[in-house]
Structure formats: C-alpha cells, structure tokens
Amino acid sequence: MLENVIPMAEDALSALGVVQTFLQSDIPVLHLRLADLLDIAILSAVIYKLLWMLRKSSSGRVLRGVLILLFAMWLSSYITLTATSFLLNKVVEWGILALVILFQPELRRILERVGSSSLGLVFAAAPKAMTGADLDIALNQTAEAYASMSRDKVGALMVFERQNILDDVIKTGTALDCAISSELLKNIFWNKAPLHDGAVIVRGGRIVGAGCMLPLSSNTNLSRDLGMRHRAGIGMSEHSDAVVIMVSEETGSISAAVGGMLKRHLAPETLERLLHNELTNGSQEEKSTQRPLLDRVWGRRKEDGQP
C-alpha cells in the first residue's frame with residue numbers, strides 16, 4: 001500500500017506545481033509586490049480624502065464636469081472623431097491651469113492641513129495635553145459659562161486646539177496665559193469688553209489668546225440663518241482639527257463645529273460631554289503619534305504582562 005501512496009503524492013505535487021505555474025503566468029495579480037500594495041493604499045487614501053473634502057462644496061460639481069469632459073474625450077478618440085478629439089485635447093491642455101485656479105481654496109486647505117498636522121509636529125514643539133483633572137475642571141467651567149451666556153444671549157466663540165498648531169490665529173488677537181474660569185469667560189465675552197468681538201483660543205486647558213480672528217467658511221450650502229460668528233467657527237473647523245463652540249447672540253443657542261460639521265441647539269450638559277469626548281480622543285491620537293515607529297507598525301506593546 002505504501003508503494004501506491006508515494007506515486008499518488010508525487011502526482012498531486014506535480015499537478016499543484018502545474019496549476020501554480022499557470023496561475024502565475026496568466027494572472028498578473030499574483031505578481032503584486034509589497035511596494036505595489038503600498039502604492040495602491042496611498043492612491044486610495046488620497047482619492048478618498050479628495051472626494052471627502054469635495055462632497056459638500058461647489059467644487060464637487062466642477063469635478064463631475066471634469067469627469068464628463070474626460071469621458072467625452074475618450075469616447076471621441078475611440079470612435080475616431082478627429083475634430084472633436086482635437087478640440088477636447090486642447091481644452092484639457094489649457095484646463096489644467098483653470099483647474100488650479102478653480103480648486104485654489106481646496107488646494108490651499110489641503111496644504112494647510114498637511115503643514116499643521118502631525119508631520120509639522122516633528123519640527124515644532126507639541127502643545128501640552130490636558131490631564132484628567134485639568135480637563136474636567138476646564139470643561140465644567142466652560143459649560144457653566146456657556147449656560148449663563150446662553151440664558152443672557154451673550155455671543156461667544158471658543159476654539160479648543162488639538163494637534164494642529166494655531167499660532168497664526170493667536171497672532172491676530174491678544175496673547176494671554178490663564179486658566180479657564182466661568183467668570184473670566186463671561187467677562188471676556190461681555191458685549192462692552194474690548195476682547196468680546198473675536199475668538200478665545202484654548203491650548204492645553206489654558207486660554208492663550210482672545211479677540212482672535214478666524215477664517216470664514218467657504219461652504220456656499222450653509223443656512224442663511226447662520227451669522228458671521230458661526231461661519232467663522234465652521235471655517236476654523238474646516239481649516240484645522242480644532243473643536244469650536246459658539247453661543248448665538250440672537251437666539252442664545254449653543255453650537256459646536258468639528259471637521260466642518262455644525263451641531264446646533266446643544267444643552268450645556270451635552271456640550272460638556274461632546275467636548276470631553278472630542279478632546280479626550282484628540283489627546284489619545286496625539287499620544288499615538290508620539291509612539292515609536294516600530295510600536296505603531298507592529299501594534300501596541302504588551303503592558304503588565306497582558307497579551
């Protein structure tokens with residue numbers, strides 16, 4: 001019986017070798033290298049990020065127009081429409097410059113996000129993160145001040161810095177260095193105070209700037225009910241990863257902007273919970289960027305003997 005098993009095993013191995021040779025020669029996917037997979041992952045991430053940024057802007061319609069133009073150019077070339085193909089090729093050649101002009105705000109925003117992201121932290125000192133006790137005190141005082149200003153319909157605008165450094169924004173106002181307190185915030189945003197017309201910048205649980213000017217949002221789909229304070233808050237959240245909170249001077253409504261998205265009509269308790277979740281997640285991401293490279297690639301280190 002053993003004499004019959006050995007030839008059968010040899011035949012099976014030879015058949016597997018033939019199948020493997022056939023697949024490797026006729027299916028090029030099996031020849032993918034690690035560099036090819038990395039290339040695909042980078043392109044996928046870039047395309048996804050571009051589509052995500054253009055999803056709610058007028059540039060999305062421009063992008064659809066460009067795709068239609070490219071499809072028309074391919075179709076005219078495929079069915080040999082010589083004059084049409086020549087005209088479309090010239091349009092595309094000159095259209096590159098037009099695209100740079102049309103997408104200038106989006107390109108500027110991308111470069112700003114790249115320059116102020118964790119890559120920039122390699123060459124700049126990272127801000128001090130808030131500890132648990134400091135975070136709870138700061139957010140409790142903020143929620144208390146916002147509840148009072150909401151009742152009195154006092155306009156307010158605060159920016160909580162995370163990983164993106166906001167030194168350029170702080171330079172537009174008055175530099176400060178003080179702890180967050182409810183009474184201080186109400187004094188800053190009192191309508192006769194010299195620093196009330198602007199934003200307060202918070203870094204590491206401390207107020208580092210007041211009366212600061214923020215970039216306005218370029219989103220044309222925003223509601224007409226939103227005033228300049230809300231548009232500035234949304235614009236700041238579009239240009240950075242900061243968490244921006246506002247009080248409407250007309251209605252007393254509390255709002256928060258994160259990543260270009262606005263959440264309105266928040267209760268003080270909801271505001272405190274939202275800030276705690278966003279800033280806690282932000283501090284955890286900042287710690288993860290400071291891990292050693294091998295630790296981030298191969299996973300978290302084992303701590304205290306845990307698997």
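Along the sequence shown, residues carry numbers from 1. Source: prediction; values computed, not measured.
With sequence neighbours excluded, the residues forming a salt bridge (charged side-chain N to carboxylate O under 4.0 Å, His left out) with Glu249 are Arg229, listed by chain and number. Among residues two or more places apart in sequence or in another chain, the salt bridge (charged side-chain N to carboxylate O under 4.0 Å, His left out) test is passed with Asp177 by Arg206.
The two residues Ser255 and Leu262 come nearest to each other via the heavy atoms CB-CD1, 3.8 Å. Across every non-hydrogen atom of Ala199 and Val159, the tightest pair is CB-CG2, 4.3 Å. The minimum heavy-atom distance linking Ser237 with Gly260 is given by the pair OG-N, 3.0 Å. Across all non-hydrogen atoms, the minimal contact from Ile188 to Ala193 is O-CB, 3.5 Å. Of all heavy-atom pairs between Phe189 and Gly198, the closest is CE2-O, 3.8 Å.
Rounding to the nearest 0.5 Å places CG of Leu226 at 10.5 Å from CD of Glu250. Between Ile68 atom CD1 and Leu75 atom CG the span is 13.0 Å, to the nearest 0.5 Å. Atom CZ in Arg231 sits 7.5 Å away from atom OG in Ser217 (nearest 0.5 Å). Leu214 CG to Thr172 OG1: the interatomic distance, rounded to the nearest 0.5 Å, is 7.0 Å. Taking OG of Ser240 as the reference point, atom CG of Asp168 lies at 11.5 Å (rounded to 0.5 Å). Here the OG atom belonging to Ser150 is positioned 13.0 Å from the CE atom belonging to Met246, to the nearest 0.5 angstrom.
In this structure, Leu266 is a member of the same hydrophobic cluster as Met149, with clusters built from ILVMFWY side-chain heavy atoms closer than 4.5 Å. Under the 4.5 Å side-chain heavy-atom criterion for ILVMFWY residues, a single connected hydrophobic cluster contains both Leu184 and Ile245. Grouping the Ile, Leu, Val, Met, Phe, Trp and Tyr side chains by contacts below 4.5 angstrom, directly or via other members, places Val247 apart from Leu157. When the side chains of ILVMFWY residues are joined at heavy-atom separations under 4.5 Å, either directly or via intervening members, Leu81 and Tyr78 end up in a single hydrophobic cluster. Cluster annotation: Val258 and Leu275 are assigned to the same hydrophobic cluster (Ile/Leu/Val/Met/Phe/Trp/Tyr, side-chain heavy-atom contacts under 4.5 Å, transitive).
More than 12 heavy atoms of other residues, nucleotides or ligands sit less than 6.0 Å from atom CE of Met213.
Checked by atom type, the side-chain pair Thr251/Ser248 shows a donor-acceptor distance below 3.5 Å. Using modelled atom types, one finds no donor on one side chain facing an acceptor on the other under 3.5 Å when comparing Ser181 with Gln141.
Contact check for Arg203 versus Asp167: side-chain heavy atoms found under the 4.5 Å cut-off. Taking the side chain as every heavy atom from C-beta outward, Phe160 and Ile201 never approach each other to under 4.5 Å. Contact annotation: the side chain of Val154 never approaches that of Lys186 to less than 4.5 Å [non-hydrogen atoms, C-beta and beyond]. Put simply, the side chain of Pro268 does not reach to within 4.5 Å of the side chain of Glu272, judged on heavy atoms. A heavy-atom distance below 4.5 Å is not found between the side chains of His265 and Ile254. Contact annotation: the side chain of Arg162 approaches that of Leu279 to within less than 4.5 Å [non-hydrogen atoms, C-beta and beyond]. Contact check for Met158 versus Leu185: side-chain heavy atoms found under the 4.5 Å cut-off. Within the 4.5 Å cutoff, the side chain of Val208 has no heavy atoms near those of the Leu176 side chain.
Looking only at distances, no side-chain donor or acceptor of Glu161 sits under 3.5 Å from a matching main-chain atom of Val202. The backbone N or O of Arg273 lies less than 3.5 Å from a partner atom in the side chain of Asn277, making a donor-acceptor pair. For Ser76 (side chain) and Met73 (main-chain N/O), a donor-acceptor pair under 3.5 Å exists by modelled atom type.
Under the side chain to side chain contact (heavy atoms under 4.5 Å, CB included) test applied with Ile234, the options Leu216, Val244, Leu222 reduce to a single match, Leu222.
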